[in-house]
Amino acid sequence: MSTQKRLFLLDAYALIFRGYYALIKNPRINSKGMDTSAILGFTNSLLDVIKREKPNHLAVAFDKGGSHIRSEAFPEYKSNRQETPEAIKIAVPYIHKILEAMHIPIIEKEGFEADDLIGTLSKQAEKEGFQTFMVTPDKDFAQLVSENIFMYKPSRMGNGIEIWGIPEVQKKFEVERPEQVIDYLGMMGDAVDNIPGLPGVGDKTAKKFLKTYGSMENLLANTHELKGKMREKVEANKELGLLSKQLATILLDCPVQFHEKDFELNHPDFNKTAEIFKELEFRRIAESLPKIFESFPSHKNQTQQQKESSSTEKSQTSATSHQFDLFSTIDIEDSSENNLNYKTTENSNHFYQFVDTPFSRKLLLKKLITQKSVSFHIETIGANSFEADIIGVSFSYEKGKGYFVNLSGDKENTKEILEEFRPFFENKTIEKIGHNIKYSIKVLYNYAIKLKGNLFDTMLAHYLLNPDMRHNLDVLSETYLNYKPTSLESLIGKKGKNQLSIRKIELKKQANFTVEKADLTFQLKQFFEKDIAKLNLKKLYVNIEIPLLRVLASMELEGIRLDADFLNSLSEKLIEDIQNLENTIYKEANIEFNLASPKQLGDVLFEHLKLVEKPKKTKTGQYATGEEILSKLAPKHKIVKEILEWRGLVKLKNTYVDALPNDVNKKTGRIHTTFSQAVASTGRLSSNNPNLQNIPIRTERGRQVRKAFVPRNENYTLVSADYSQIELRIIASLSNDKSMIESFNRGEDIHASTAAKIYGIPLNEVTREQRSDAKAVNFGIIYGQGAFTLAQQLNKSRAEAKELIDSYYKTFPTLKQYIANQIDFARENEYVETISGRRRYLKNINSQNAIVRSGDERNAVNAPIQGSAADIIKIAMIKIDTLLKEGNYKSKMLLQVHDELVFDMHNDEIATLKPLIIKEMEHAFEFSVPLTVDLGEGQNWLEAH
DNA sequence: TGTTCATT
DNA sequence: AATGAACA
């Protein structure tokens, strides 16, 4: 491992600003009334770096007097920066004092910016064999990254630090070399630093240009290859482009000198630091400072980071392991791709064993069934569980160790071997750990093996811990274990005709690849189990998400029958209607063209027919023919309405009528959707392949599709049960709004009743329009919408919408209060939660940027409501599933559509089950408002709904 | 890759 | 507000 010397250079102002704005919503004020946010923020970052990295060399760079060179070149440079806030101005002298007391060198030079100082020093240190880490949140520094120079982005509220080396920069900026970041910044500009950039070029275009031209200069030399407006703009601004690039370039020749000795990190003068921290009232920091340096010899040249625990992990071989074919060393063929920051299979110790004989399998099974908890992974080809082909199964019950059961034979052979492991899978006392266990259950189902015992699913665990992040095993391993798993691509090659099948690669590579997953899953579980408990998510996890996974697996396996013949005849009718519409349209337009092409359509509408004086254009210079535009134009010419109808029909045909029959499974003859349990950040499920949660219902034409969803045979009936107004009931109950609760208790039509209240009229005098307005406002409330969105939706003016909302709040004051409380809670905690404690993090709720912030404010209202509704139906599903299983019913639950459950019910059971299902759904959770369920039945989904 | 449109 | 799928 590397014992290279490491230098940390901190960008003072950037860290100070960051610290200050992080706390802007509740600034730290000490007893003397002084705002210490900026000082605290900076000090925390500094100590965090020292604590984590234990650097031998460290310094802090400040700007002084602005950049003379840049201001000469471009007088407006950085003039856009807001006036420095008071708290930051007073912070600087204190930070100087702290640094002096800590014996940390301060680097500043009149007329130079910290960027330039850091840049110059990094390059000098590199020559002397140092690894330099530039500690800053500022992406501009990416241009300096090299093999030995890294960006070290300090942690933001629990997000962990990020270290950018060359690969990260290549990825973030989509460039080949870090220097190209200069070109990127030059092209795109930077509003904060007032670097103008090329007009009309943003992030996307800059990246595109860099891919084609590689540099600003080369782009400017080849502008003749550009098209249209872009060409004009770029050609007219060549000067500006070159200047921008100059402004974005960090200088590497400042008058500073790197002397190793001057940058050594020593113990602070604890007396002095204590004094300063006391004055600032930083009690926790004052206490922790000596501890940080305790384990920190003041002059030690050994780097502590990355010290692999190679010595401790060598306690490998178990008593029986020599019986197995084993391989514990992997050839290291290519370390160029090897990322310094992550551990990989190549640079870390592990002990994975290959199991391929009856005897070794017997031994393995014997070991497995004596464990309390085992992680497993089934590696397959093909995502469809019914046709999936198993490569092998891996197990792990100890960090870094695992077993691969090879299943490279034919189906029969696979079945026989898996059968040997039935005692493990069906053992009720062994906990099974997996990543996306639902998939494993479905695969095992093909071999009639059930997965019994307690389950721990790392994907679902992480979904509860961080609902809006990604939950791939790869990402999780990288963030929690600092380990980069072997990518499938590195084994079988990039997508394309040269891609191998995983079966074609060496068996030991297959094994390593598969065992690694079980190993990592096992390790992740140890983290997540603790975190779940810490955040009070255990009940939600154990009582809802985990049991639900089994329920969903059976629903997916069950599938729903589709009447494909019906859809085919529907398709034929649609073809006819589409054809007729097309003819009418061509006749009215007096020209034949391609209706499907927005370009041609725009030309016909606005040039040929001249429907409107000054037609709107899109960014690309074409006429805009979007839904919104056309709807407005509808009164101008009946052709517009026909075009809209045509579009609707084509869409209907392509997305549903013609597509669904292709999704019928060959083996079962039914449609098996996949429910994703870890996708929607609010806690809802989502459905794909195909999506059965967005089958049309609103238009007469569209809803016909529902007729194609039918019971399995003539002895069955489709039954649909849906919650009525569940979201409004939840908000009424959570806010405890008396007036709304009473409306529900009286069983009134809630939208009409809302209308009566806001217009101050009797319930029976509410007009249809008033009711529909009230309905829109009710929805608006659920979504946390403002006047603007509501106005758009109701086709009213902003003022009218505002008035509507105001009178709504006036009639439901408690509701308004609830919303305000919800937002306050979010501001304070940066998350909101549902009735069962499901969290949604809103880290932008305190953002400076009003647009981002109000997005999170809407979510602060919407997420708990949508999420609580999701919690409730999940509980109901688990209860109903138990009921159906325990009662040995033939009837099956098939689908969930957010507030609706669809069943394939045996005719003999309908009378018994109906009331039971209603009861389970209505009492899944007790509120101060009754939950009510409407239930329908029929020979297809349309009739049942 | 973004836009449009289906659902709740 | 939040999904997924089709299409240009």
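Since we're looking at a predicted model, the values are computed, not measured. Both backbone and side-chain heavy atoms feed into the values below; hydrogens, waters and symmetry mates do not. In what follows, chains carry the letters A, B, and so on, assigned in the order in which the sequence lines appear, proteins first and then strands, with residues in each chain numbered from 1.
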Is the number of heavy atoms from other residues, nucleotides or ligands under 6.0 Å of Lys816(A) NZ greater than 12? no
Any chance NZ of Lys211(A) has more than 12 other-residue heavy atoms, nucleotides or ligands included, within less than 6.0 Å? yes
Of the candidate nucleotides [options], which contains the atom at the shortest distance from the side chain of [X]?
X         : options                : value
Ser681(A) : dT3(C), dT1(B), dA6(B) : dT3(C)
Arg706(A) : dA6(C), dG4(C), dT8(B) : dT8(B)
Arg684(A) : dT8(B), dA2(C), dA6(B) : dT8(B)
Asn689(A) : dA6(B), dA2(C), dA5(C) : dA5(C)
Arg698(A) : dT7(B), dT4(B), dA6(C) : dT7(B)
Tyr783(A) : dA1(C), dC7(C), dT7(B) : dA1(C)

[X] [atom1] - [N] [atom2] separation (whole Å):
X         : N      : atom1 : atom2 : result
Arg701(A) : dA6(B) : CZ    : P     : 14 Å
Leu652(A) : dA6(C) : CG    : P     : 13 Å
Phe779(A) : dT7(B) : CZ    : C1'   : 12 Å
Tyr656(A) : dT7(B) : OH    : P     : 6 Å
Gln693(A) : dT3(C) : CD    : P     : 11 Å
Ile731(A) : dT8(B) : CD1   : C1'   : 16 Å
Arg647(A) : dC5(B) : CZ    : P     : 7 Å
Lys653(A) : dA6(B) : NZ    : P     : 16 Å

Regarding Asn568(A) and Glu572(A), do their side chains bring together a donor and an acceptor under 3.5 Å, going by distance alone? no
Answer yes if the side chains of Tyr541(A) and Asp457(A) hold a donor-acceptor pair under 3.5 Å, and no otherwise. no
Within the structure shown, what part of the strands sits under 4.0 Å from [X] by heavy-atom distance: base, sugar-phosphate, or nothing?
X         : answer
Ile697(A) : sugar-phosphate
Leu685(A) : nothing
Asn691(A) : sugar-phosphate
Arg840(A) : sugar-phosphate

Does [X] make a side-chain N or O approach to OP1 or OP2 of [N] shorter than 4.0 Å?
X         : N      : value
Lys204(A) : dG2(B) : yes
Ser686(A) : dG4(C) : yes
Arg858(A) : dA1(C) : yes
Asn654(A) : dC7(C) : yes

Salt-bridge test for Lys874(A) and Glu545(A): reply yes if a basic N is under 4.0 Å from a carboxylate O, no otherwise. yes
Looking only at atom types and distance, does a side-chain atom of Asp663(A) sit under 3.5 Å from a main-chain N or O of Ile671(A), one as donor and one as acceptor? no
Would you say the side chain of Asn862(A) and the base of dA1(C) hold a donor-acceptor pair, judged only by whether the two atoms sit under 3.5 Å apart? no
